[in-house]
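Read the structure below first, then the notes.
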Amino acid sequence: MKVTGRKFSPGLDRFSGLYLWGLFFVLFSFMAPRTFPTMNTVHLLASTEAIAAIVALALLVPMVTGQFDLSIGAIANFSGILAVIVQTNGLLDPVGAILLGTAVGTVIGMLNGFIVVKLKIDSFIATLAMGSILEAFLVIVTNNREPLPVDNEFFTGLTQTNIFGFQAVFFYMIVIALIVWWLLERTPAGRYMRATGFDREAARLSGVQVDKWSFLSLTISGTICGFAGVLFVSLTGPSLGFGPSLLLPAFAAVFLGSTQLVPGRHNVWGTVLAIFVLATGVQGLQLVSGAQWVASMFNGVALIAAVGLAVVRRKKLSRPKKEKSKGKNQGGGSLSASTQTHGTQGSSSAHHAGQVSEKRVEV
Amino acid sequence: MTAPTAVMAPAISIAHVSKTFGPRTVLHPLELNLVPGEIHALLGQNGSGKSTLIKVLGGYHAPDPGRGEVLIAGKPLDFGSTKSAHELGLRIVHQDLGLVSESTVLDNLAIGAGFPTRFGTIRRSQARREAAQALAAVGLDISPAKRVAELSAAQRTGVAVARALSRHGGKVTVLILDEPTATLPAREVAHLHEMVKTAASQGVAILYVTHHLDEVFRLADRVSVLRDGHIVLTRDVVDAPREDIIHALVGGAVEPVRREITDVPSENSRPVLTVSGLQGDALEGVDFEVRPGEIVGIYGLTGSGRESLLGTIFGAREREGGDVRVDGAQLAGRPASAINKGVAYLAPDRKRGGGLMEMTACENLTLPAMKKFFRGGHLRIRAELTESSQWMDRLAVRPTGAVKAPLASFSGGNQQKILIGKWMRISPRVMLLDEPTQGVDVGAKAQLHRYIMDASDAGAAVVISSTDAEEIATVCDRVLIIRSGVITEQLTGSDISVAELDRRVLRSNESKVETS
Ligand SMILES: Nc1ncnc2c1ncn2[C@@H]1O[C@H](COP(=O)(O)OP(=O)(O)OP(=O)(O)O)[C@@H](O)[C@H]1O
Ligand SMILES: [Mg+2]
């Protein structure tokens, strides 16, 4: 793609996450020079946050389509525990368990989609309720007892295999991020989903099948969450209540992410960036203060700040327009179009604007 | 400061106000004065800065820092504060009206002024009474309990005007209307003019933005023309011949567009679009056919079914009965399937269903047909941008080259051009155009008409529903008059003229009154 003026603006807003991240590193390196600035911290953050990031990416898809999914944590939790139980009971081998967990997530996602699209129940309510239902199912299948961990090297190796010092799960996150990015930014499907999310009626009148895409986005979210749940139990073993702790950071990241890199849009790299910035903040504060409540406090504050920023951003969207430097090449216009613009200064002032932003690129 | 020696102190006086967005100066320092009771028309091409000026006055945009000053009845306006503008008696009806479509008329009327309260509790009955008064003052006969979404465009404009004029927030000194008549049919335009004149006779200064030159001569005392952010002409209307105004507007003459009779397609070709017994919102069984290369106009009063006809054919609105065929194949009544059969539908309201305001111009242009850019498992974004900017050049969208700017940042008329381009791009078999040139300036309008004719020359069947009789008269081969949900008359050839159209519509209305 051509370099545009927009890309090279100082971007205090667009890149604020990166600056904040840098600030965290410097700050905590000062405050905890022994423990914080180590490769250990990097590896730890990379693997513990990988799953949070995957769940956030799952949430991103329905959010782009304008649907909430509050059941993401519960889906991951349920699918993960199910994948453990079928193995410890000798019902399925690890591969089968992984597929089962993912499939269960998919089915729940489809169910969410059905409830939202066909029964026309608001996604906020539908997925909130689904989360509660899944919690009940979790108790039913486990009898409220923590299942035994899976004793199988293949299954634990799935996420824990060491690659260049990073655990494998980190690379799954990267791959999933790439796939979601491709889906949202490089396929017509992604464009249709975005249109649906921005203005359902306008999208429908442009021929977008808004119901189909709403359904699919919730399904995709379910699939990714199901898989994320399996990864979680493979990485840290089965714990009964890990789901809820994934929900809040995911929302914070998706909202914060929408103020980053491509402001005004929910986007993949903004979301991933946000997850790691938030996690770095939490990690650093924990190392410095040793307090247990840091994560909850930090994530809660971050969510409010993120949504606040996103709202401000939305308001501003209609205000500042970044002129494209390309304008220069097209200033001439086509022959038939020139009757109106000739003799007016409009095209030349746009010209000028184009050159100004072009200059900024060169600086 | 010495007192001005003018006979009458200006109701509003604008001096040195300028506005820059990023690197682009949209308004150059400009001066404009209105005396009380004056009706001042403000003209300008799309993107010339009219709405921006108004938004600065209303406190939505802060002007560039500097010597800029606005006095309202002698009191300085506090820039960037909507409250200050309101308190000084400045009332604005914005281009997009600023109504909350999901709320009722009553709630919308109370938005500016606040509900009357007693001990902090809303007094519904009083609010309802005041709403009824405000509506009556502008001659609108609608229930305050109706949701704005259910109103026609004309009624919505009326509500916005009623809200602006209601005495709630104190005395009104200046009323600004930004393209209030973009989608109003002739009769309702006359009605609006009455309201405006009444307000002016009570000493309110009125700044009236429009693209219709006729309105200037019928309504205004003075006229100003804005071109690229400069005021290039301010005169008394009596001293401003039409040619001068057009010249100031576009910096040249506008070539008139006229549909030649020879363009009319032969009678015996098979129809592309066949509508039979169509029922739906205000439609009681509409039948008509359109042949390839034909341009058919739909004209009728508000409430006659004119507003809902095209949307119902396309599937934007629910069809309750009847049958629509394109090249003999039935339409299912869903937009996606209609588009697949080559039907394009330009929605009447670009803010509600027409365009995706947060998405870029490029994304809007390509949305209905973007599969061709998906090759090798990958969207060819560069090809998409190139094609979009070609379309934007073809339609002379300004600012040029802003393919990646969100639709919301374009001026109203330029948004309309982009949305027309979006449908022309799919080379449709049938084009259903609802108010195709609303808010488009004279020059661009002629050009869009030319494009519509090009599309029809290329074999598309075009149906235009418009409140603008002149538009219908210029481009249509055949006009169908719609009344009470059915087509009652058909005009062809030399019968089609503005006067004749309005005569037929009014006559059919009278006969309706007689029979009832
Ligand atoms: N928020 C914004 N950010 C950047 N540019 C803007 C913004 N709003 C308007 N502009 C630009 O300012 C110029 C003037 O726009 P404005 O809406 O004032 O035009 P207008 O005279 O009202 O046109 P129309 O007749 O089409 O409504 C346009 O080129 C538009 O693209
Ligand atoms: Mg405007």
Side-chain angles (χ1 to χ4, degrees), chain A residues 1-2 4-6 182 185-188 190-192 194-195 198-199 201-209 264-265 314 317-334 336-357 360, chain B residues 21-25 45 47-48 61 227-228 230 250-252 255 314 316 335-336 338-340 345 347 352-359 363 366-368 370-371 373-374 377-379 381-382 385 389-390 392-396 398-406 408-409 422 443-444 447 450:
Chain A
M1 253 203 301
K2 248 193 112 144
T4 66
R6 188 178 182 180
W182 170 80
E185 309 295 340
R186 287 294 179 272
T187 66
R191 195 67 67 71
Y192 298 149
R194 220 175 260 292
F198 274 133
D199 185 337
E201 182 63 2
R204 187 178 78 92
L205 295 188
S206 300
V208 176
Q209 293 174 300
R265 294 190 172 202
R314 214 160 227 275
L317 185 71
S318 60
R319 220 173 292 158
K321 183 171 53 172
K322 310 277 165 68
E323 199 72 37
K324 262 217 61 194
S325 57
K326 257 195 163 175
K328 198 178 123 203
N329 315 334
Q330 291 145 4
S334 67
S336 51
S338 54
T339 33
Q340 262 66 48
T341 42
H342 270 200
T344 69
Q345 295 151 2
S347 49
S348 67
S349 72
H351 241 169
H352 189 64
Q355 278 154 2
V356 170
S357 60
R360 217 172 38 205
Chain B
F21 288 114
R24 235 168 79 81
T25 301
Q45 280 188 294
S48 54
H61 288 321
R227 191 165 90 223
D228 297 314
H230 297 276
V250 301
E255 220 179 290
F314 180 70
I339 293 169
N340 274 338
Y345 171 63
R352 298 195 314 146
L356 287 141
M357 291 298 155
E358 284 112 331
M359 295 184 86
E363 288 166 334
T366 57
L367 192 60
M370 60 180 306
K371 293 222 174 76
F373 300 117
F374 189 61
H378 194 70
L379 261 189
I381 304 247
R382 191 143 8 126
L385 286 171
S389 53
Q390 278 164 3
M392 286 173 63
D393 285 347
R394 227 185 114 180
L395 298 168
R398 289 197 294 164
T400 45
V403 253
K404 287 215 245 165
S409 73
K422 147 178 153 181
Q447 193 178 27
R450 231 168 270 138

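Proteins come first, then strands; the chains are lettered A, B, ... in the order of their sequence lines, and each starts at number 1.
Inter-residue side-chain proximity for A:Asp199 and B:Glu358 is flagged as unmet; no heavy-atom pair is nearer than 4.5 Å.
Both the backbone and the side chain of B:Ala316 come within less than 4.5 Å of a heavy atom of chain A. Residue B:Ser48 does not touch chain A at all, counting heavy-atom pairs closer than 4.5 Å. At a 4.5 Å heavy-atom cutoff, B:Phe373 makes no contact with chain A through either its backbone or its side chain.
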Evaluation steps, side-chain contact (heavy atoms from CB on, under 4.5 Å), between A:Glu185 and B:Leu379: CA-CA 8 Å; A:Glu185 309 295 340; B:Leu379 261 189; over 6 Å; no
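Looking at every heavy atom in both residues, A:Tyr192 comes nearest to B:Met370 through OH-CG, 3.7 Å. The minimum heavy-atom distance linking B:Leu367 with A:Ala195 is given by the pair CD2-CB, 3.9 Å.
In this structure, CZ on A:Arg191 lies 11.0 Å from CG on B:Leu356, to the nearest 0.5 angstrom.
Your options are B:Gly353, B:Gly377, B:Ala338, B:Gly355, and the one with the most heavy-atom pairs under 4.5 Å with chain A is B:Gly353. Interface remark: of the candidates B:Lys422, B:His378, B:Met359, B:Met359 forms the most heavy-atom pairs closer than 4.5 Å to chain A.
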